Enquirer: 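I'd like to ask you about the structure that follows.
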Amino acid sequence: MERVFNFSAGPSMLPLPVLERAAKEMICYGQSGMSVMEMSHRSPVYEEIIREAERLLRQVMEIPDTYKVLFLQGGASTQFAAVPLNLLSGSKKADYILSGQFSTKAYKEAQKYGDIAVAGSTKEKNFSCVPNAEDLVFRADADYVHMCFNNTIYGTKFSYIPDTKGVPLVADMSSCILSEPIDVSKFALIYAGAQKNMSAAGLTVVIVREDLLGKARAETPTMLDYQVMAENGSMYNTPPTYCIYIAKLVYEWILSIGGLQAMRKKNKEKADILYGYLDSQEYYFAPVEKESRSMMNVTFVTGDVELDKKFAKEAAARGLVNLKGHRSVGGMRASIYNAMPKEGVEALVAFMKEFAKNNPKN
Ligand SMILES: *Cc1c(COP(=O)(O)O)cnc(C)c1O
């Protein structure tokens, strides 16, 4: 069967050249005589892979030397607990910006550990936008502020970096990492599950400013302690070796097409095609406020639940798969991560036009 255009929110499409390279090296990696999957993580061949992965990620994201890069497991959801365990040890206060489901989950998890306040929320607007900068309220003595930069489920994104007045800013970037350049130095900690834009499921990357290490609460499980992981080069135990290898191939691919500047250009072009069409017609409705639109996850509805269902089904039959919106919000969602080619978005818009013509609303 031919490959389809996969609009899944995650795990999601990987760049074809990455898959092809992995396929070529699947059974026998270099001169090792074995698959990367079969290698000891302590072997020199594997050590070279993980070291190179870190070096490339630092290069791609221009991560300052004052930050540690950790390759962890447990998904972004484990970081919902790891962040407070590691950072909530001073005033035991933290402020959370609620801009969707994942940030709300992170907020609820953190409440187990201290005095957690809402710095701002768009829940009453059904998360159809992110909070305005001027509406955010931060406590000067908080240990950190937490935000989710791109809201995968609703299709919103922050177009600005909140000014926390020196309070460390923590960001969940699971669904936008590597989609465009970001100034890492504006954040104290960035975390991301890899299965959206970086690798296969099973790897979580944490980028953390060094001065925040070594402050973990006494009850922090060893496996969640950033300091322990940093001291052991992410190899306190067996890391997700194959996912790290795939991530390395993805970093190489990004560099090969010109780095994050070029990536942003491509992503913007794709998003403009889709939003441009959405804005040009009245059959579909895009619920997200314009200034909060995500470049990675594009949500839209027909306004008729049955038509939405029909849309997703007929699109799938055309090789445009996983367009059904998140189970909690319905409608449609097209996730157009780095690996989605422009042709995929063009094919989607062509199908949308055809569907609108063939299914008039009364
Ligand atoms: C997917 C996602 C998560 C959850 O990731 P897991 O790796 O499944 O725990 C958290 N935050 C954001 C922004 C996501 O997109």
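One-based numbering, in listed order, for ligands and for the atoms of each. Only this structure's heavy atoms are used, side chains among them; waters, hydrogens and symmetry mates stay out. When a residue number appears, it is its place in the shown sequence, counting from 1. Computed from a prediction, not measured in an experiment: that's the story for all the values here.
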Enquirer: Looking only at protein heavy atoms, which one is nearest to atom 5 (O) of ligand 1, and how far off is it?
Expert: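 Nearest protein contact, heavy atoms only, for atom 5 (O) of ligand 1 is Ala76 CB, 3.5 Å.
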
Enquirer: Using heavy atoms and a 4.0 Å limit, tell me yes or no: is Asn150 in contact with ligand 1?
Expert: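 True for this residue.
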
Enquirer: In terms of residue, atom name and distance, what is the protein heavy atom nearest to atom 3 (C) of ligand 1?
Expert: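 The answer is Phe102 CE2, 3.4 Å.
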
Enquirer: Should the proximity of Lys196 to ligand 1, defined as any heavy atom under 4.0 Å, be assigned to the side chain, the backbone, both, or neither?
Expert: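 The answer is the side chain of Lys196.
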
Enquirer: Identify the residue among Tyr275, Phe311, Phe355, Phe7 that makes a ring pair (Phe, Tyr, Trp, His ring centres under 6.0 Å) with Phe300.
Expert: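 With Phe300 as partner, ring pair (Phe, Tyr, Trp, His ring centres under 6.0 Å) holds for just one option, Phe311.
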
Enquirer: Hey, is the main chain of Met352 close enough, under 3.5 Å, to the side chain of Tyr283 for a donor-acceptor pair?
Expert: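 It does not hold such a pair.
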
Enquirer: Return yes if some donor-acceptor pair links the side-chain N/O of Thr204 with the main-chain N/O of Gly75 below 3.5 Å, else return no.
Expert: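 At least one qualifying donor-acceptor pair exists.
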
Enquirer: Which one of Thr152, Thr156, Asn150, Asn151 satisfies the side chain to side chain donor-acceptor pair (under 3.5 Å) criterion with Asn297?
Expert: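 Exactly one candidate clears the test, Asn150.
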
Enquirer: Of the protein's non-hydrogen atoms, which lies at the shortest distance from atom 9 (O) of ligand 1, and what is that distance?
Expert: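 For atom 9 (O) of ligand 1, the nearest protein heavy atom comes out as Ser77 OG, 2.6 Å.
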
Enquirer: Below 4.0 angstrom from a heavy atom of Gly75, which ligand 1 atoms are there? Numbered from 1 as shown, please.
Expert: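 In order of number, 7 (O), 9 (O).
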
Enquirer: With heavy atoms under 4.0 Å as the rule, classify the contact between Cys148 and ligand 1 as side chain, backbone, both or neither.
Expert: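 The answer is the side chain of Cys148.
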
Enquirer: Does a donor on one side chain sit under 3.5 Å from an acceptor on the other, for Ser174 and Asp172?
Expert: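 Yes, because at least one side-chain N or O of Ser174 sits under 3.5 Å from a partner of the opposite role on Asp172.
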
Enquirer: Run the numbers on Glu346 and Ile273 for side-chain contact (heavy atoms from CB on, under 4.5 Å), then give the verdict.
Expert: CA-CA 7 Å; Glu346 287 168 343; Ile273 292 172; 4.2 Å; yes

Enquirer: Relative to the heavy atoms of Asp172, which atoms of ligand 1 are at a distance of less than 4.0 Å?
Expert: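 By the 4.0 Å cutoff, the relevant atoms are 10 (C), 11 (N), 12 (C), 13 (C).
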
Enquirer: Using a strict cut-off of 4.0 Å, indicate which atoms of ligand 1 neighbour a heavy atom of Thr152.
Expert: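 Listed by number with element: 12 (C), 13 (C), 14 (C), 15 (O).
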
Enquirer: Would Gln195 count as a contact of ligand 1 if the rule is a heavy atom under 4.0 Å away?
Expert: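 Yes, that is the case, since the closest heavy atom of the residue is under 4.0 Å from the ligand.
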
Enquirer: Centre of Phe149's six-membered ring, under 6.0 Å away, within 45 degrees of the axis: is that where NZ or CZ of Lys196 sits?
Expert: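 No, cation not above the ring by the 6.0 Å, 45° rule.
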
